[in-house]
Amino acid sequence: MTIKISLPDGSIREFPSGVKGIEVAKSISEGLARNALAIEVNGTIQDLSRSIDQDASVKILTWNDGGGKYAFWHSSAHLMAEALEALHPGVKFGIGPPIENGFYYDVDLGGKAFGDDDLAALEAKMKELAKKESVFGRREVSKAEALDFFSRKNDPYKLELISELTDGTITFYEQGNFTDLCKGPHIPHTGFIKAIKLLNVAGAYWRGNEKNKMLTRIYGITFPKQKELEGYLHLLEEAKKRDHRKLGKELELFTFSEKVGMGLPLWLPKGTILRERLEQFMRKAQVKAGYDPVVTPHIGSKSLYVTSGHYEKYGKDSFQPIRTPDEGEEFLLKPMNCPHHCEIYNSKPRSYKDLPIRLAEFGTVYRYEQSGELHGLTRVRGFTQDDAHIFCRPDQVKEEFIKVIDLVLHVFKSLGFENYTAQVSLRDPANKEKYIGDDELWDRAEREIQEAADERGLKTVAVKGEAAFYGPKLDFMVKDALGRSWQLGTIQVDYQLPQRFELEYVGSDNQRHRPVMIHRAPFGSLERFVAVLIEHCAGNFPLWLSPDQIAVLPISERFNAYAEDVFNTLKALDIRGFLDDRDEKIGRKIRDAEVKKIPYMLIVGEKEAAERKVAVRIHGKGDAGTMPFDQFVVEFKSSSAAPEN
RNA sequence: GCUGUUGUAGCUCAGGGGUAGAGCACUUCCUUGGUAAGGAAGAGGUCGUGAGUUCAAUUCUCAUCAACAGCUCCA
């Protein structure tokens with residue numbers, strides 16, 4: 001009996017039924033078979049050693065396919081486990097999956113610490129075992145057999161996993177002396193793994209639950225060639241150079257002080273310029289979009305948050321209330337601006353004709369983030385949201401939501417953010433007690449968000465369990481230099497707070513109605529946005545944002561007077577920069593300005609002073625020639641304007 | 001918050017039971033130089049903080065604080 005196998009190029013080949021993946025690969029080419037790691041059969045990735053007994057469309061997976069990499073790293077995790085068991089007999093295994101860059105394995109070392117020396121020894125053992133070219137063998141086992149195997153091995157984690165599996169679907173994989181519960185797929189043998197680097201050790205809760213025991217997680221990455229590993233490590237080094245914490249220090253944008261407190265950023269003068277430019281850009285965009293700026297205090301009565309529900313939800317693990325000395329009244333540092341804005345809405349009766357009302361505020365909020373979560377400017381305890389709350393009629397929700405999407409996209413586009421993910425953050429249906437409000441309104445809000453996103457042709461990813469406790473969100477996620485994902489912009493539909501704050505408007509029917517709230521922050525927080533912006537442009541800010549736009553560099557002290565004249569003219573035109581009149585050679589001044597990533601350098605000497613010219617040098621590009629100073633000013637002014645709103 | 005690692009000059013880092021070192025930055029002097037580091041001299045640290053062991057601690061031990069990596073969390 002023969003079966004028809006169709007290949008990615010559209011061709012169809014016939015094979016005897018039961019043909020193995022590797023044989024299909026060989027029939028295409030020897031080279032492909034040599035590099036083949038796994039095979040995709042009708043969309044399912046499986047081992048090359050498995051037989052195919054029906055017509056199928058297949059794709060041979062190599063290192064160049066995501067699926068091939070995953071099988072490779074998955075097998076690498078098994079190799080690491082084998083090495084670990086050889087070095088540390090009795091170790092218990094949790095899970096060991098492939099991840100975006102490499103793999104990890106969670107293990108229980110019985111309380112033994114695992115340090116750098118252990119890591120190096122493990123890596124060496126892996127290299128040794130890889131050379132044995134141990135074949136990854138797949139075996140179907142009964143549940144009883146699986147339970148028996150791991151109870152004899154005394155591995156409670158595997159037993160827990162097996163107990164949740166259905167009999168008849170359980171498989172073991174074996175290579176060398178190591179056997180693991182695993183559904184595969186795996187690469188043919190360990191010999192493919194030529195380059196190995198174990199990266200770090202960290203704690204990780206069993207099954208991601210902080211009530212469970214913490215296991216030791218060992219991260220590693222492997223490659224088929226040593227050169228690829230070197231390339232990857234080089235890439236990591238380069239990414240570290242873009243880290244906003246490093247650049248923030250080098251470019252003197254912000255700092256932290258132990259005395260002030262952890263997670264409380266101090267914005268230095270240059271960082272403040274950057275931040276204020278962004279604020280100004282947003283203010284203009286918002287005025288144009290019909291927002292009314294408001295200002296509210298940094299603290300609010302505890303009862304405000306009891307009403308909003310935030311106190312019940314977050315009160316325990318927040319900064320504790322401030323008490324007034326005489327009356328003993330309790331106030332909280334505001335963790336968000338919405339309750340204040342609700343009370344602004346409530347300050348007078350509203351008519352349906354007034355809606356939507358859009359209240360915007362750069363509101364600084366304080367949240368007691370867990371100490372281990374603090375991270376540069378991306379996760380801090382005091383930060384400023386470019387917050388606004390839109391109060392609208394139910395029939396206006398979608399239109400308003402779409403307008404906000406447009407605003408967010410405009411902001412992202414103006415700043416060159418193209419690699420974002422639009423995430424529809426829904427509630428977790430399995431944990432409804434985490435949320436307030438009834439199902440009907442939740443369903444409605446979730447539907448409205450998805451529809452608005454679809455209407456704007458936004459590609460979205462829906463993620464359950466990511467909603468706020470009062471409503472679903474549309475979040476704009478952006479990755480940092482090291483590949484970690486952060487939420488920037490967010491738009492949320494909320495039916496709950498208007499109820500809790502008893503917000504009302506009088507409709508055309510002369511009846512009282514409840515408005516809907518849309519929470520939104522295009523930047524999210526200025527702090528996090530600046531952090532991601534720094535990493536995005538590696539500190540080479542667009543001209544309109546750059547804290548220093550121009551450095552004026554006289555060739556020698558003899559031309560300081562002319563340089564000062566040039567500098568003062570720029571200053572009078574609101575162009576930011578500095579005059580470097582130090583007693584240094586021009587090469588040195590240029591180098592220092594380049595290191596500081598100053599976009600433009602104006603070099604002035606005898607020739608320039610005589611003709612009122614400037615020699616222009618552009619950061620990262622070099623000498624751009626000499627031109628009349630007045631001409632430079634005109635051209636600079638037009639290229640340094642903030643994006644149109 | 002949890003697990004692990006780290007903490008030495010403004011920055012980047014070396015060192016090590018007998019009260020500390022480099023490069024850059026900084027100060028002064030010399031130099032007046034045309035597109036990425038001119039030369040010389042000088043100043044600067046109770047080695048994160050607190051306890052313990054020791055004749056002696058920056059070095060060893062413990063605690064604490066902070067940073068880093070990951071986990072958990074993120075209104």
Side-chain angles (χ1 to χ4, degrees), chain A residues 104 106 109 111 113-116 118-119 199-219 240 243 245-246 249-250 252 255-259 261-263 305 308-315 317-318 334-339 365 367-376 378-381 385 387 425 436 466-471 473 475 482 484 486-487 490 492 494 497 519 528 553-560 583-595 601 603-608 615-626:
Chain A
Y104 66 80
D106 284 347
L109 291 157
F114 198 84
D116 288 346
D118 299 297
L119 207 60
L199 298 162
N200 49 48
V201 181
Y205 300 108
W206 168 237
R207 314 206 87 174
N209 186 334
E210 66 179 321
K211 296 199 174 75
N212 288 343
K213 182 166 182 182
M214 181 161 272
L215 305 179
T216 303
R217 176 171 294 181
I218 306 171
Y219 283 91
K240 276 187 193 152
D243 191 313
R245 292 166 297 185
K246 185 175 158 65
K249 190 181 273 177
E250 286 171 2
E252 298 181 358
T255 190
F256 289 89
S257 153
E258 281 191 33
K259 275 194 183 138
M262 60 165 112
Y305 303 100
S308 71
H310 289 98
Y311 189 78
E312 191 192 344
K313 182 85 180 144
Y314 296 105
D317 30 46
S318 284
K334 72 173 168 185
M336 80 292 301
N337 306 297
C338 24
V365 297
R367 298 178 181 178
Y368 180 80
E369 304 287 1
Q370 295 183 10
S371 59
E373 267 316 319
L374 300 174
H375 185 98
T378 51
R379 196 79 184 270
V380 287
R381 285 181 167 172
Q385 297 175 315
D387 208 359
S425 299
I436 57 171
E466 289 295 309
F469 72 91
Y470 51 76
K473 311 188 283 175
D475 294 325
L482 294 169
R484 293 174 287 220
W486 299 97
Q487 175 200 306
T490 180
Q492 311 167 3
D494 181 5
L497 288 194
H519 307 240
R528 183 176 288 178
L553 313 179
I555 296 280
S556 86
E557 275 175 19
R558 284 167 42 221
F559 314 108
N560 279 357
D583 176 15
E584 290 291 349
K585 291 170 103 169
I586 193 63
R588 177 50 177 275
K589 294 182 184 181
I590 287 170
R591 183 192 141 78
D592 289 347
E594 288 282 356
V595 168
M601 286 151 271
I603 294 145
V604 294
E606 189 163 14
K607 286 176 284 190
E608 290 77 16
V616 181
R617 183 188 164 100
I618 302 172
H619 170 61
K621 291 194 182 126
D623 195 346
T626 301

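Proteins get letters first, then strands, A, B, ... in listed order; numbering begins at 1 in each.
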| Can you check the Met214(A) CE to rG4(B) C1' distance for me, whole Å? | 10 Å

| said: Determine whether a donor-acceptor pair (one donor, one acceptor, N or O, separation below 3.5 Å) exists between the side chain of Asp623(A) and the base of rG34(B). | reply: no

| query | Does the ring of Phe469(A) meet both stacking tests against the six-membered base ring of rA75(B): centre distance under 5.5 Å and plane angle under 30°? | reply | no

| query | Below 3.5 Å, does any donor atom in the side chain of Arg617(A) face an acceptor in the base of rU35(B), or the other way round? | reply | yes

| Side-chain N or O of Arg245(A) closer than 4.0 Å to phosphate OP1/OP2 of rA69(B) | yes

| task | Measure distances between side-chain N and O atoms of Tyr205(A) and base N and O atoms of rG1(B), and say whether any donor-acceptor pair falls under 3.5 Å. | result | yes

| What is the distance from CD of Glu258(A) to P of rC68(B), rounded to the nearest Å? | 11 Å

| rG33(B), rG34(B), rA36(B): which one has an atom nearest the side-chain heavy atoms of Val595(A)? | rA36(B)

| request: Using only heavy-atom distances, decide whether a donor-acceptor pair under 3.5 angstrom links the side-chain of Asn200(A) to the base of rU5(B). | output: no

| task | Please work out if Gly587(A) contacts a base, only the sugar-phosphate, or nothing of the nucleic acid, heavy-atom cut-off 4.0 Å. | result | sugar-phosphate

| message | Which nucleotide, if any, forms a Watson-Crick or G-U wobble pair with rU61(B), using both distances under 3.5 Å? | response | rA51(B)

| query | Would you say the side chain of Arg484(A) and the base of rA69(B) hold a donor-acceptor pair, judged only by whether the two atoms sit under 3.5 Å apart? | reply | no

| request: Test for a donor-acceptor pair under 3.5 Å between the base of rC73(B) and the side chain of Arg379(A), counting only N and O atoms. | output: yes

| Under 4.0 Å between a side-chain N or O of Arg558(A) and OP1 or OP2 of rG33(B)? | yes

